[in-house]
Amino acid sequence: MKKFNNLFRILSRNCNMSSSKCAFKVALIQLHVTDDKNKNIENALKFVRTAKENSADIAILPECFNCPYGTKYFLKYGEEIPNGETCKSLAQCAKKNNIYLVGGSIPELQEKQLYNTCTVWNPLGQMIAKHRKIHLFDIDIPGKITFKESDALSSGNQITIFEIEKFKVGLGICYDVRFPELANIYRKEGCIFIIYPGAFNMTTGPLHWKLLLRARAVDNQLYVAGVSPARNENSDYVAWGHSLLANPLGETEAETEHQETIIYGTVDLKKIEETRQNIPILSQRRTDLYDILYHHL
Ligand SMILES: NC(=O)CCC(=O)C(=O)O
């Protein structure tokens, strides 16, 4: 409840002052990813410039935007964070364009371990967050898709929150979206927005991508973005695309299909406040019951 009131305090303090923002323009950049790392990075930078020209405050790149998505590629494309070439480019790009940049994800190499990692850069070009995918994508749907990220990657063990003008934003990567507990923690920590760079596939994409993003939004009464690579029929792993932004009511604010593009949406803090006031589920939760029942199962 304390965190909930904090949002109202920040809102009433900031939003009534003309110098402060109560809405952020968000650019969801759905990139075509190839096996050429330099081209992928250059392409991402070009789209971030376009996002800035269109007055975006935050630009978001997809999961694995510098590398084809597949366990056999991660070591070859892996690099250290923040000293690798991709991070250097992202830092410069954020600074040059004076924009918050959520760097999708890249394979991170640290002490012979690989992680699927998202970095976030502020308009000064400083890294303000680093999220290692917590839940690795290990699934087997016979005849449809088998994928075992844990063959190559280690999992992250931390939740990740960063701030944009005092407002908290939570991070997850793709499969992390399937775990409502993580999103619930972000809400309880006072987040107003959760960002999931993600590359769902042609089986689970049509089934679950949109449903999960909207579910996380409506459960937690905040904005949720899912940002995918564009569909590349020539790659081993064909991404579903369909990047989207869901609002605190669970409605789709912005959505695209599978081609390379940018879509824009607004994170409107007043809409969060209104939704949370009208339907006050956070304070109505019966944790007295759930906690007891959960621990007895
Ligand atoms: N990159 C991923 O984590 C894919 C997740 C996915 O497709 C799913 O169904 O979950």
Side-chain angles (χ1 to χ4, degrees), residues 28-35 40 44 60-78 86 102-108 114-119 130-160 170-184 186 194-217 219 224-233 235-244 246 255-258:
L28 289 71
I29 303 180
Q30 183 163 289
L31 290 176
H32 180 75
V33 177
T34 68
D35 58 7
N40 293 335
I60 310 170
L61 303 177
E63 182 180 27
C64 247
F65 79 89
N66 71 352
C67 154
Y69 184 64
T71 50
K72 69 179 180 199
Y73 300 106
F74 295 150
L75 183 58
K76 181 173 167 211
Y77 287 74
T86 307
V102 178
S105 79
I106 62 170
E108 177 194 2
L114 283 163
Y115 303 90
N116 187 341
T117 304
C118 174
T119 56
K130 175 175 123 169
H131 179 77
R132 290 176 170 161
K133 191 174 190 173
I134 297 174
H135 306 91
L136 296 182
F137 178 47
D138 287 359
I139 68 165
D140 182 19
I141 308 178
K144 301 273 190 194
I145 174 163
T146 303
F147 202 97
K148 201 150 183 258
E149 253 187 344
S150 62
D151 279 345
L153 300 182
S154 303
S155 57
N157 292 315
Q158 283 179 356
I159 66 161
T160 311
L171 283 175
I173 300 177
C174 204
Y175 201 57
D176 284 339
V177 74
R178 287 194 179 269
F179 298 86
E181 294 87 347
L182 177 63
N184 294 164
Y186 286 141
I194 306 178
I195 296 173
Y196 297 96
F200 269 45
N201 55 80
M202 300 298 287
T203 300
T204 60
L207 271 174
H208 292 153
W209 169 251
K210 186 169 178 174
L211 177 66
L212 287 166
L213 293 165
R214 292 183 57 203
R216 297 296 83 88
D219 279 353
V224 172
V227 184
S228 172
R231 192 173 306 162
N232 178 352
E233 305 281 357
S235 59
D236 308 341
Y237 180 96
V238 182
W240 169 240
H242 289 259
S243 299
L244 82 83
E255 182 179 20
T256 186
E257 297 199 353
H258 59 269

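Quick note: numbers below take in every heavy atom, side chains included, and nothing from hydrogens, waters or symmetry partners. Atoms within each ligand, like the ligands themselves, are counted from 1 in listed order. Since we're looking at a predicted model, the values are computed, not measured.
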Notebook entry, point to check: Identify the closest protein heavy atom to atom 6 (C) of ligand 1: which residue and atom is it, and at what distance?
Noted result: Phe137 CE1, 3.3 Å
Check: By number and element, which atoms of ligand 1 are closer than 4.0 Å to a non-hydrogen atom of Thr204?
Finding: 6 (C), 7 (O), 8 (C), 9 (O)
Next item on the list: Can you sort out which atoms of ligand 1 are near Ala199, meaning under 4.0 Å from one of its heavy atoms?
Entry: 1 (N), 2 (C), 4 (C)
Next item on the list: Within a distance under 4.0 Å of any heavy atom of Tyr69, pick out the atoms of ligand 1 and give their elements.
Entry: 1 (N), 2 (C), 3 (O)
Next item on the list: Of the side chain and backbone of Trp209, name the one, both, or neither that has a heavy atom under 4.0 Å from an atom of ligand 1.
Entry: neither
Next item on the list: Could you give me the CA-CA distance, side-chain angles and deciding distance for Asn116 and Glu63, then say whether side chain to side chain donor-acceptor pair (under 3.5 Å) is met?
Entry: CA-CA 8 Å; Asn116 187 341; Glu63 182 180 27; 2.8 Å; yes
Item checked: Note, Val177 side chain near Leu213 side chain (heavy atom, < 4.5 Å) -> yes
Margin query: Do Asp35 and Tyr77 have side chains that approach each other closer than 4.5 Å (heavy atoms only, starting at C-beta)?
Written below: yes
Note to self: Checking side-chain polar atoms at under 3.5 Å, does Thr34 have a donor or acceptor matched by the opposite partner on Asn40?
What the structure shows: yes
Next item on the list: Check ligand 1 against Tyr237 and write out every atom of the ligand that is under 4.0 Å from a heavy-atom position of the residue.
Entry: 4 (C), 7 (O)
Next item on the list: Would you tell me whether Glu149 and Tyr69 have side-chain atoms, one donor and one acceptor, within less than 3.5 Å of each other?
Entry: yes
Check: Side chain or backbone of His208 under 4.0 Å from ligand 1, or both, or neither, by non-hydrogen atoms?
Finding: neither
Next item on the list: Kindly compute the distance separating NZ (Lys76) from SG (Cys67), expressed to the nearest 0.5 Å.
Entry: 9.0 Å
Notebook entry, point to check: Between the side chains of Thr71 and Asp151, does any donor sit under 3.5 Å from an acceptor?
Noted result: no
Margin query: Checking a contact table here: which protein heavy atom is nearest atom 3 (O) of ligand 1, and how many Å away?
Written below: Lys133 NZ, 2.7 Å
Next item on the list: Give the residue and atom name of whichever protein heavy atom lies nearest to atom 10 (O) of ligand 1, and the separation in Å to one decimal.
Entry: Arg178 NE, 2.7 Å
Margin query: Any heavy atom of Tyr196 closer to ligand 1 than 4.0 angstrom?
Written below: no
Notebook entry, point to check: Among protein heavy atoms, which lies nearest atom 2 (C) of ligand 1, and at what distance?
Noted result: Cys174 SG, 2.8 Å
Margin query: Any non-hydrogen side-chain atom of Ser155 less than 4.5 Å from a side-chain atom of Leu136?
Written below: yes
Notebook entry, point to check: In the protein, which heavy atom is nearest to atom 7 (O) of ligand 1, and how far is it?
Noted result: Asn201 ND2, 2.9 Å
Next item on the list: With heavy atoms of Glu63 as the reference, note each atom of ligand 1 found under 4.0 Å away.
Entry: 1 (N), 2 (C)
Next item on the list: Return the orientation label for the Phe179 and His135 ring planes: parallel under 30°, perpendicular over 60°, tilted otherwise.
Entry: parallel
Notebook entry, point to check: Is Phe147 touching ligand 1 with its side chain, its backbone, both, or neither, if touching means heavy atoms under 4.0 Å apart?
Noted result: neither
